[in-house]
2 protein chains.
Amino acid sequence: MKITMKDIAEEAKVSIATVSHVLNNKPGRVSDAMREKIKKIAREKKYVTNHTARQLATNKSNTIGIIVPDLENYFFASMVSRLQAKMRERGYFVLVVTSNDEIRNDLEGIRLLVSRGIDLLAISVSNAAQNHPEEYLSMLEDLSVPAIMIDRIIKEFKGSKIRFDDFSGMNKLTEYVIDNHHRKIAFLNGDMNMARTAGRIQGFLASMEAHGCAVDQKDIYDGDYSFESGYALFDAIYDQHTYTAIIAANDMMAYGLMNRAIERGLTLPDDISISGYDNVIFSEMLNPSLTTVNQDMNSLMDEVLRVIDLSLKDPHYSENIIIDTQLIKRNSVGSI
Amino acid sequence: MKITMKDIAEEAKVSIATVSHVLNNKPGRVSDAMREKIKKIAREKKYVTNHTARQLATNKSNTIGIIVPDLENYFFASMVSRLQAKMRERGYFVLVVTSNDEIRNDLEGIRLLVSRGIDLLAISVSNAAQNHPEEYLSMLEDLSVPAIMIDRIIKEFKGSKIRFDDFSGMNKLTEYVIDNHHRKIAFLNGDMNMARTAGRIQGFLASMEAHGCAVDQKDIYDGDYSFESGYALFDAIYDQHTYTAIIAANDMMAYGLMNRAIERGLTLPDDISISGYDNVIFSEMLNPSLTTVNQDMNSLMDEVLRVIDLSLKDPHYSENIIIDTQLIKRNSVGSI
DNA sequence: TTGTACGCGTTATCAC
DNA sequence: GTGATAACGCGTACAA
């Protein structure tokens, strides 16, 4: 049986109002003796406040919702994890919904969260979202709570957007590879349907062009961000015997490339240089360790929390933030 | 402004009761014409049910809560992710709390979830919990909802418990190594404060003894499950020049061992065999690929869901389940 | 076929 | 200092 304020009020022979005041630590009003008595009873009976009822009465949930494509993805798991820890410090609870990268689930998730009464919605949209922004925008617009987009955004969205700078990240990585005297470089591209692919390849192309390195259509290989696609494409790339380096659009494909290279008995980076993007935790543990681009989760969270705090105060607050990345020089890219 | 049933009732010129009936798809009562009219208005006004109010009225939340130590840990992220997907199919929402492996947060999490009104609590307790079971047990006992423990359990807990069989997993792995004619085997142990460490080392010792392989105290090396501890201890182990194999209590430490071995120019598994435990996703991608033990998440989830379904029906249902593991033979363990 | 009225647990306003 | 009581939005038994 659940203990309510009513039970405590009866036991203490006071009104519910008084119990409420005491349990919420409101100053004044009640005598110290009564305060103690009520608190004692609450403790003994193991009273726990019914958040649902409070929410109904106050129309305030002290809860924010977040929708991410996939918790099995370390990036999002880490994001959610930190967000929850930080928001807890602020007295907020975080509701998490995973969309499995399906628009349908994004939209259902929004409904689900809103129906539960959140004070703010954060979302990393599904990859396909950018192709169908209308639904999102109309849905988010007449939401009664502020919304922000993190990492995976929709350009047209008018609320706050926070993301990493793919263009400059890949740009400076490419620059670094070129600085190591590589001229013939293959680019292993990711899935072009994914939100963040375009920025990366453009960063690569811009850097190559800036340094007068020719890039032909056939120097771009189409992977899908998976280990397998890197593994499968290595032979095709390497056996051209024209490249001295391969830049992969993410670490997983770079692993695939390296794995096949080592399997073929090649020496890295002497026979060929390979780089990745994301700085996955294992990248440091490989032999050779992987040169890649890091996206600092702390920087992201700092901005996210700043924007959340502001949005909670002013629901119409809006800001577009692009976060810088760091080039991580390790041993998989060599100088020639 | 939020749309409520009242708004719809006014617009349709009927009572709130009628609107409620229609929106909850209750059979009979209302005329088809009125049904359509009400649904249309709800759609136009973008009505979304106030779950908070419903919960207060029905005392049913269609929500379960889960507490895990850490979402950045793939195992738990995967667990939560699948649980959420499966429970969604059942019309349930999953509230997630991370404890950061601190008892304090476990207990606070329980309070937090209960105050929000969950129909069931699932928890993977903090590692230190087994040392202080009293608090948990008293807290969970007079909880008004059923509770189950997953993976990280407290032995004394009387509700349902579901976990993997560490003993038999490590036992058969050791057996396999011995079958490959290894006799002098070093064991790289994990943190003994962690819930699942004991079972693993016991499985190793039992198998060694069963095959008449001597194990001395100094053949057990104390790691802490981290890559670094494996990396740091490799030299100490290898330079004994007595071992032909090292069994690590998890994959991360095995990575550390392998990394240092390769750095020293050794050939695996010719110079020394190494095995892990957990079958982390990257274990397949290493050179050589890592022989390890897999804990099938699908099997775990099947059992978890079965128990949840039963517990939701009968709050006093209780079962103690131990799930089998699979030996994954790859290339890091060689025959001698 | 539809409406009335009450309860869910809490907060907040006002009265005493 | 303390108590009554009206919201909050919804579900439901009982009337009509």
Side-chain angles (χ1 to χ4, degrees), chain A residues 1-39 41-42 45-63 91 111 114-119 144-145, chain B residues 1-39 41-42 45-63 91 111 114-119 144-145:
Chain A
M1 203 42 212
K2 274 238 163 289
I3 303 298
T4 71
M5 282 190 175
K6 196 167 144 197
D7 300 320
I8 298 183
E10 279 169 11
E11 173 98 11
K13 300 194 201 310
V14 292
S15 74
I16 297 180
T18 305
V19 175
S20 172
H21 270 261
V22 172
L23 261 28
N24 289 306
N25 291 313
K26 305 256 176 177
R29 283 188 56 112
V30 186
S31 70
D32 285 359
M34 187 51 80
R35 284 199 119 81
E36 272 322 302
K37 182 175 179 186
I38 289 175
K39 287 190 174 177
I41 296 175
K45 299 211 163 199
K46 311 210 183 199
Y47 167 80
V48 29
T49 98
N50 184 326
H51 193 274
T52 308
R54 170 182 288 170
Q55 185 172 334
L56 188 60
T58 60
N59 197 27
K60 235 286 189 176
S61 64
N62 280 298
T63 299
R111 244 175 264 121
V114 168
S115 82
R116 281 192 132 74
I118 52 176
D119 298 336
S144 46
V145 297
Chain B
M1 205 41 216
K2 275 239 162 289
I3 303 297
T4 70
M5 284 192 175
K6 196 167 145 196
D7 300 320
I8 299 184
E10 279 169 10
E11 174 98 9
K13 299 197 201 311
V14 293
S15 76
I16 297 180
T18 305
V19 175
S20 172
H21 271 260
V22 171
L23 261 29
N24 289 309
N25 291 312
K26 303 261 173 177
R29 283 186 59 112
V30 185
S31 71
D32 286 358
M34 187 50 82
R35 284 199 120 80
E36 272 321 304
K37 182 173 177 187
I38 289 173
K39 285 188 174 180
I41 295 175
K45 298 212 164 198
K46 312 209 181 199
Y47 168 79
V48 29
T49 99
N50 183 326
H51 191 274
T52 306
R54 169 184 287 170
Q55 184 172 336
L56 191 59
T58 60
N59 196 27
K60 234 285 188 181
S61 64
N62 279 300
T63 300
R111 243 174 265 121
V114 168
S115 82
R116 285 191 129 75
I118 52 176
D119 298 335
S144 46
V145 297

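Numbered from 1 within each chain, the chains take letters A, B, ... in sequence-line order.
When the C1' atom of D/dG11 is taken as reference, atom CG of B/Asn25 falls 15 Å away, rounded to whole Å. Rounding to whole angstrom units, NZ of residue B/Lys37 and C1' of C/dT1 are separated by 14 Å. Taking atom NZ on B/Lys6 and atom C1' on C/dG3, their separation rounds to 16 Å, with Å as the unit. Between the CD atom of B/Glu10 and the C1' atom of C/dG3 there is a distance of 15 Å, rounded to whole Å. Atom pair A/Met5:CE and C/dA12:P shows a separation of 10 Å (rounding to whole Å applied). Between B/Arg116 atom CZ and C/dG9 atom P there is a gap of 18 Å when expressed in whole angstrom units. In this entry the distance linking NZ of B/Lys60 with C1' of D/dC10 reads 17 Å, nearest Å.
Within residues 11-24 of chain A, the residues approaching DNA chain D are A/Lys13, A/Val14, A/Ser15, A/Ala17, A/Thr18, by heavy-atom distance under 4.0 Å. Of the residues in residues 51-59 of chain B, B/Ala53, B/Arg54, B/Ala57, B/Thr58 come within less than 4.0 Å of DNA chain D through at least one heavy atom, sorted by number.
In summary, of the residues considered (A/Thr18, A/Ile8, A/Thr49), a side-chain contact (heavy atoms from CB on, under 4.5 Å) with A/Leu23 occurs for A/Ile8 alone. Between B/Glu11 and the choices B/Lys37, B/Lys6, B/Lys45, the side-chain hydrogen bond (donor to acceptor under 3.5 Å, both in side chains) rule is met once, by B/Lys45. For the side-chain hydrogen bond (donor to acceptor under 3.5 Å, both in side chains) criterion with B/Arg54, the lone passing option out of B/Asn62, B/Asn24, B/Asn59 is B/Asn24.
The number of heavy atoms from other shown groups lying within 6.0 Å of NZ (A/Lys60) is above 12.
A donor-acceptor contact shorter than 3.5 Å is absent between the side chain of A/His51 and the backbone of B/Val114. Without hydrogens or angle criteria, A/Ser61 side chain to A/Gly117 main chain gives a donor-acceptor distance under 3.5 Å. Remark: side-chain polar atoms of B/Gln55 are paired, donor with acceptor, to backbone N or O of B/Arg116 under 3.5 angstrom.
Of the side-chain N and O atoms in B/Thr4, none sit less than 4.0 angstrom from OP1 or OP2 of D/dC8. Using a 4.0 Å cut-off, no side-chain N or O of B/Tyr47 falls inside it from OP1 or OP2 of D/dG9.
Base pairing in DNA chain C gives the following stems of 3 or more Watson-Crick or G-U pairs, range against range and under 3.5 Å: C:1-16 with D:1-16.
Side-chain contact between A/Ile3 and A/Lys46 is absent, with no heavy atoms from C-beta onward closer than 4.5 Å.
What you find for B/Val48 and A/Arg111 is that their closest heavy atoms are CG2-O, 4.2 Å.
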Begin from the C-alpha positions of A/Asp119 and A/Val145 and carry the test side chain to side chain contact (heavy atoms under 4.5 Å, CB included) through to its verdict.
CA-CA 6 Å; A/Asp119 298 336; A/Val145 297; 5.6 Å; no
Let me see the working for A/Ile41 and A/Glu10 under side chain to side chain contact (heavy atoms under 4.5 Å, CB included), right down to the final yes or no.
CA-CA 11 Å; A/Ile41 296 175; A/Glu10 279 169 11; over 6 Å; no
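The residue B/Lys26 sits close only to the backbone: its heavy atoms come under 4.0 Å of sugar-phosphate atoms, none of a base.
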